[in-house]
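Order of the sequence lines sets the chain letters (A, B, ...), proteins ahead of strands, with each chain counted from 1. Treat the numbers as computed from the prediction; the structure is a model and nothing was measured.
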Amino acid sequence: MIYIIKKQFLILIRDKGSLFFTVLFPALLVMILGNMLDKLDNPDSVIGDINLQYIGINTKILPKIDGVSFIEASSFEAAKIAVEADAATAAVQFSERGIELYQGRDSIKNRALESVFRGISIGAVNSEKTFVQTKNLGYNRTMLDYYAVTMIAMIVFMGGGVSGASTVFEERKNGTLSRTAMSPKSRASLYFGTVLSFLPQSALQVICTMLPSILIFNAHYANTIAGNLLLFSMFFIVGISTCSVFALVGLFIKINPTMVIMPAVWALMFLSGSFAQDVYITGFSDILPPRLVQNAAFELTIFGRYEKCVSAIIVSAFVLALSSVLGAIIFSRKAKI
Amino acid sequence: MRNIFIVFVNTIRRSKSAIAVTAAAGILLCVIFNLMLPLYATFSQPGLNLGLCVYNETAFSADFKAYLADDLRMKLTEKADYDELSKMLVDRKISGIIEVENDEITATFLDDYANRAFVTAYLESYLSAVSVNPNARATAIPLTITSANSKTAQEAQQGAFRTSTGFFLSFSFILGLFIAWQIFNDRGGGVYSRVKASNMRTASYISGICLEGILCTLLQSGIFIGYLAISGKDIGMNFWFAALLCLLYSLFVVGFSLFCALVFKSQGSIIATVVGGSSIMCMIGGAYFPIATAPEFMQKLARVVPQYWFSDAVDRLQSGAGAGFHLLVLTLFALLTFILSGVWFAYEKS
């Protein structure tokens, strides 16, 4: 059995393509996506500085907000011309008709100003007294932290799926499968050996994404060593069980599994929000395994709750055992492999 | 010339699927453009997303909710469970959590929320008004809003075109993979060795393969740009200029794939370089996300990939600036890959 594990590991490190996708690609994606999307990761756009020209308003009623400056204009028409020339964000005039707000082109600033003047229109006054208590949530997650988790999920599912199914396919293509089956070892033990041979690959995949993410890109996983070990264990066992499930699938696939499994797993990851957290289908995405695993990881990394991680480990172990036994039975009984 | 033609015809015969796939990619680009249009048209007035947690319903809480939702047009997510809202806040699905308990309001934000001051001001203004007059909303002064300009259909079309070009940059590499496979199969089947041993010149073999690649890319960009031109869409630039940009980029893709196929000897390495390399180049180059929001070092890094020059050229042309230098850089990128491929082929032959 140890020879089978050794052989699979050598195949992995000899193939530059597999090595690239296992070792380098996820870490690079964490870095690129995490950095590029960091500033886009907001539920609304940043309002920024507002430059408002006003006429006929008692300045005492204008709210004091950082980044909002008020300039008195000579006339409302002059202020409107300044807005059209992008020299001012908006122009406002108080008259008998009420408040007239002339907005510029920036829809985000327009929305903010409209909200401010809605408040003034209902009689808001500036006072020293504050009515709203504000606080920080106490937890946070950057985009780098988000992708540091989802890219491990991607590599364990995509890498595990492709390599699991390809193992049997490649052996069959090279003619080594039938020769191995003729050895004195029982077919069941050969199959279990193949499943166990995914151990180093699965560990390597998780380590090669976690370590560069932490050490080079400064991503954050769990706050404690125990939490990080639990996270590693969860992804590790999810990786092996994915390999095992797809090795079982590979027994039935006659065409190159990469061409079939890669797009299928890609779609699964896409719908699970691995590439963009906004991609989410209510009621469907929640039951997808990558999403469940990612959510368990986020529960641990953000809130320090480990229950879902433990559940994921137990379910994965069960799936691993079931798929391995099923695969061994089918492999043993299949007349033509 | 005859040799080029022979290689070209043979390549066409062997890769009919490449033509079908690139034509499908061209049609898909048209579909993506049309899917993007409504998104850009409605993006002009996005509402603010807030989570609302009302612990006990009162007349005050009902009026406050109406003020946020109806007057300020905020998108409220109402949940009794604060924990669930805090998960949504961490996921950035909402900007903040507003808790209402009796007449007291608590607002919770993430520490890096840039619009915190504004949101707090909106809430304060309502509360200061109702502290003086509980029927403040009913007795509000009329507010008239007019706009200098609003988002036009043209701007939506230009935005949709800009996004679609990101997909074009990515889809072009599907063809690249076909070209790489072609040469890989030539090598595996012995054709490549026979060509190297024959009196066929380096340029003839490369030109023959590339001609087919160029034909396919012309088909893809031709369908896309042709559709936009015929349907009279405003893409913010001259259609011929857009076609030229696409052509230059396609030449780069063909050259890049050719080079990968010549240099790498295994199927895995070719897939890794073409698929992995193109994904990373497209991300770094700003094909999917605006590069202006990336950190400074990534903005500098972007300049080493042609996707940046393509995307930046589109941005510049749409804003009315020139992009002559960008065209030159794209041409140089394409030339570089072809020269490198030729040199490598000649080196292997010798």
Atom pair CD/CZ of B:E104 and A:F131 - distance to nearest 0.5 Å = 12.5 Å

query = Under a 4.5 Å heavy-atom cut-off, does chain B meet the side chain of A:V92, its backbone, both or neither?
reply = neither

ask   = Which answer fits B:E99, side chain, backbone, both or neither, if we ask what part of it has an atom under 4.5 Å from a heavy atom of chain A?
value = side chain

ask   = Most heavy-atom pairs under 4.5 angstrom with chain A, which of B:S128, B:A121, B:S125, B:A117?
value = B:S128

ask   = Charged N to carboxylate O below 4.0 Å: is that the case for B:D83 and A:R305?
value = yes

task = Check step by step if side chain to side chain contact (heavy atoms under 4.5 Å, CB included) holds for A:M143 and B:R92.
result = CA-CA 10 Å; A:M143 273 313 233; B:R92 318 275 172 149; over 6 Å; no

request  = With a 4.5 angstrom heavy-atom cut-off, could you sort out which part of A:F298 is near chain B: side chain, backbone, both or neither?
outcome  = neither

query = Rounded to the nearest 0.5 Å, how far apart are CG of B:L48 and OG of A:S115?
reply = 7.5 Å

remark   = By ring-ring contact (aromatic ring centres under 6.0 Å, His included), B:Y126 pairs with (sequence neighbours left out) B:F64, B:Y67

key: Interchain contact, A:I47 with chain B, by part (heavy-atom threshold 4.5 Å)   = both

ask   = What option among B:N115, B:L123, B:I280 has the most heavy-atom pairs under 4.5 Å with chain A?
value = B:N115

message = Rounded to the nearest 0.5 Å, what separates atom CZ in A:R118 from atom CG in B:L72?
response = 7.5 Å

request  = State which residues pass side-chain hydrogen bond (donor to acceptor under 3.5 Å, both in side chains) with A:N218; sequence neighbours excluded, sorted by chain then number.
outcome  = none

query = Does a side-chain heavy-atom distance below 4.5 Å link A:R111 with B:M74?
reply = no

Heavy-atom contact with chain A under 4.5 Å, split by part of B:M283 = both

request  = Determine whether A:R141 and B:D91 make a side-chain contact, defined as any pair of heavy atoms from C-beta on separated by less than 4.5 Å.
outcome  = yes

inquiry  = How long is the straight-line distance from CD of B:E124 back to OG1 of A:T134, given to the nearest 0.5 Å?
reply    = 8.5 Å

inquiry  = Out of B:L127, B:I284, B:L301, return the one with the most heavy atom pairs under 4.5 angstrom to chain A.
reply    = B:L127

key: Minimal non-hydrogen separation, B:R116 against A:N136, with atom names   = NH2-OD1, 2.5 Å

ask   = Above 12 or not: heavy atoms from other molecules or residues under 6.0 Å from CD of B:E296?
value = no

ask   = Which atoms of B:Y122 come close to chain A, meaning under 4.5 Å heavy atom to heavy atom: side chain ones, backbone ones, both, or neither?
value = side chain

remark   = When rounded to the nearest 0.5 Å, the distance separating CG of B:D71 from CD1 of A:I122 is 7.0 Å

Interface moiety of A:L113 toward chain B, non-hydrogen atoms closer than 4.5 Å = neither

ask   = Checking side-chain contact (heavy atoms from CB on, under 4.5 Å) against A:V132, which of B:T106, B:V119, B:I105 comes through?
value = B:I105

query = Heavy atoms, side chains only, cut-off 4.5 Å: are A:N140 and B:V90 in contact?
reply = no

key: A:E114 side chain reached by B:R73 side chain, heavy atoms, under 4.5 Å   = yes

Heavy-atom pair count under 4.5 Å with chain B, highest-scoring of A:E299, A:K80, A:Q133 = A:Q133

note = Comparing B:L89, B:T120, B:I97 against chain A, the one with the most heavy-atom pairs below 4.5 Å turns out to be B:L89

